[in-house]
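First comes the structure, then the notes that go with it.
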Amino acid sequence: MQYRKFGRTGWQVSDIGYGMWGMGAWSGSDDSESLASLQRAIDLGCNFFDTAWVYGDGHSEKLLGQAVRANPAKKLYLASKVPPKNRAWPAPVNASLDDCYPAEHITEYVEKSLRNLQLETLDLVQLHTWNDTWAEDARLAPALGKLKESGKVGAVGISLNRWQPWNGVKAVRAGLVDAVQVVYNIFDQNPEDELFPACREHDVAVIARVPFDEGSLTGTLTASTTWPQGDWRNTYFSAENLRHTVDRVKALEPLLPQGMALPELALRFILSCRDVATTIPGMRKTRHVDANLAVSDAGALPPALVNELRQHRWDRKLPTESVASKLKKRLTSLLGR
């Protein structure tokens, strides 16, 4: 396992971290299997774990707390997220700080997360949605600073809305945050334009989420793939979007070096960017842990291959209003239950 500096915190974190959304409320999750997967990751050297209060209303956090208590001799870095007060994902354009993150709300949910984890300090707390207009609210910096001064939180960050990496640059430049979490993968390369340079300049850590593009970059989707009723991917991957996505994945196949699977290519593309401190694939089975964490030692891709993959950048726009409304309702329901 390889480690990277986590921005201005100075922490050394595993470059392959652990995303825990699937352990909270997804169908098919099994607690014993989840705990076994967490332990396997710890045994292999993974030390960065990303969860959130809304992942099962604290269930994912409680599982992580169990794993931490089972490994008292190991330093593990734990990140969680405060849900927006209005329970809207992503943050509505016109939402105010009072609508989403008044100071007392942030403190309340930090304390809830700490109780779930059975810990006194959380290494990183993130606001689970973000709007850069909030960076101009003079109340936010003191509220976040007070949290750190209290000893309940070591560092603060924000989780940026999908396909809006620019909607966090102000927060970085204002010195508000120690870390940003953003969608970054072979298709979603646009954080490289403005966000990554700003993070580099201000020594802000980058957490790359959705490394497999919601599963498409595992190579397992086809134009006829369906999911169980109620699964949010049925909305995200509309028939048209699924078809376009599968076509773009197929276009990557000629670039695969002999003996390399698509998930490895996807992770190593991210590891080739030194602006990224860690990436957090979701893993619910030990075989996924073994496969994903093994990529750490493989490291960056050859520069020539990275340049070829840059040609596969996909600058996606937000869905049409009707699709966006359905997806927003589904995400809000799934995350908020």
Side-chain angles (χ1 to χ4, degrees), residues 1-7 12-19 45-46 48 50 160 162-166 168-169 172 179-221 244-283 288 290-317:
M1 178 62 69
Q2 302 300 308
Y3 301 86
R4 297 186 180 189
K5 178 173 167 284
F6 196 78
Q12 291 294 315
V13 303
S14 52
D15 58 8
I16 304 286
Y18 206 121
C46 179
F48 185 86
D50 179 82
L160 302 185
R162 180 184 295 274
W163 303 330
Q164 295 182 20
W166 46 266
V169 174
V172 171
V180 294
Q181 184 174 142
V182 64
V183 174
Y184 177 64
N185 55 51
I186 291 173
F187 293 149
D188 294 295
Q189 300 179 31
N190 50 1
E192 297 178 1
D193 297 345
E194 296 181 72
L195 182 66
F196 287 179
C199 289
R200 195 183 316 134
E201 179 182 354
H202 294 275
D203 203 13
V204 169
V206 172
I207 304 166
R209 77 174 189 267
V210 197
F212 299 132
D213 188 46
E214 308 298 3
S216 75
L217 289 171
T218 63
T220 58
L221 302 188
H244 288 322
T245 300
V246 169
D247 288 344
R248 285 180 176 270
V249 171
K250 287 181 178 178
L252 295 172
E253 292 175 358
L255 299 180
L256 279 170
Q258 186 173 4
M260 186 183 297
L262 186 58
E264 178 181 346
L265 183 77
L267 287 175
R268 291 180 66 183
F269 172 81
I270 295 171
L271 296 183
S272 299
C273 179
R274 296 304 302 180
D275 291 317
V276 172
T278 187
T279 184
I280 49 171
M283 300 178 283
H288 297 150
D290 289 342
N292 291 338
L293 269 60
V295 175
S296 177
D297 282 339
L301 294 169
L305 179 52
V306 172
N307 288 335
E308 288 188 84
L309 290 172
R310 293 201 182 285
Q311 307 310 309
H312 292 263
R313 171 172 169 159
W314 186 3
D315 287 333
R316 288 177 275 197
K317 297 180 180 180

*Looking only at non-hydrogen atoms, find the nearest pair between Thr218 and Gly215 and report the distance.*
OG1-O, 2.6 Å
*Sequence neighbours left out, what pairs pass salt bridge (Lys or Arg N to Asp or Glu O under 4.0 Å) with at least one residue falling in residues 301-314?*
Glu192-Arg310, Asp193-Arg313, Arg313-Asp315
*Show your working on side-chain contact (heavy atoms from CB on, under 4.5 Å) between Phe212 and Thr279 and close with a plain yes or no.*
CA-CA 10 Å; Phe212 299 132; Thr279 184; over 6 Å; no
*Kindly write out the residues that satisfy side-chain contact (heavy atoms from CB on, under 4.5 Å) with Val276, not counting sequence neighbours, or none if the list is empty.*
Arg4, Tyr184, Phe196, Val206, Ala208, Ile270, Cys273
*Could you give all pairs that pass the side-chain hydrogen bond (donor to acceptor under 3.5 Å, both in side chains) test and reach residues 195-209, with sequence neighbours left out?*
Lys5-Asp203, Ser159-Arg209, Arg200-Asp275
*For Asn185, side chain to side chain donor-acceptor pair (under 3.5 Å) partners two or more places apart*: Asp188
*Would you please name every residue forming a salt bridge (Lys or Arg N to Asp or Glu O under 4.0 Å) with Asp15, sequence neighbours left out?*
none
*Where Tyr18 and Ile280 come nearest, the two heavy atoms and their spacing*: N-CG2, 3.9 Å
*Of the non-hydrogen atoms in Cys46 and Leu293, which two are nearest, and what is the gap between them?*
CB-CD2, 3.7 Å
*About how many Å separate CD of Glu194 and CH2 of Trp166, when rounded to the nearest 0.5 Å?*
9.5 Å
*What's the spacing between Leu271 CG and Ile16 CD1 if we round to 0.5 Å?*
4.5 Å
*Could you name each residue pair satisfying salt bridge (Lys or Arg N to Asp or Glu O under 4.0 Å) that touches residues 258-269, not counting sequence neighbours?*
Glu264-Arg268
*So which heavy atom on Pro281 is nearest to which on Gly17, and how close?*
CD-O, 3.6 Å
*Under the side-chain contact (heavy atoms from CB on, under 4.5 Å) criterion, do Asp213 and Ile186 qualify, and how do the steps go?*
CA-CA 8 Å; Asp213 188 46; Ile186 291 173; over 6 Å; no
*What's the verdict on side-chain contact (heavy atoms from CB on, under 4.5 Å) for Gln181 and Leu160, showing C-alpha distance, side-chain angles and the deciding distance?*
CA-CA 6 Å; Gln181 184 174 142; Leu160 302 185; over 6 Å; no
*With sequence neighbours excluded, tell me which residues meet side-chain contact (heavy atoms from CB on, under 4.5 Å) with His244.*
Glu240, Trp314
*Quick one: does Val180's side chain get under 4.5 Å of Cys199's, heavy atoms only?*
yes
*Minimum heavy-atom separation for Thr245 to Ser216, with atom names?*
CG2-CB, 3.3 Å
*Pairwise distance OG(Ser14) to CE(Met1) - rounded to 0.5 angstrom*: 5.0 Å
*Can you tell me how far the CD atom of Gln189 sits from the CG atom of Leu309, to the nearest 0.5 Å?*
7.5 Å
*For Phe6, check ring pair (Phe, Tyr, Trp, His ring centres under 6.0 Å) against everything at least two apart and list the hits.*
Trp11, Phe48
In a table with atom names and distances, give each donor-acceptor pair under 3.5 Å that connects a side chain of residues 254-263 to protein atoms at least two apart or in another chain.
none

*Test side-chain contact (heavy atoms from CB on, under 4.5 Å) applied to Ser272 - qualifying residues, sequence neighbours left out*: Ala300, Leu301, Val306
*side-chain contact (heavy atoms from CB on, under 4.5 Å) involving Ala291 - partner list, sequence neighbours excluded*: none
*For Pro197 against Pro191, the heavy-atom pair lying closest together*: CD-O, 4.3 Å
_Taking salt bridge (Lys or Arg N to Asp or Glu O under 4.0 Å) as the definition, give me every residue that meets it alongside Asp297, ordered by chain and number, with sequence neighbours left out._
none
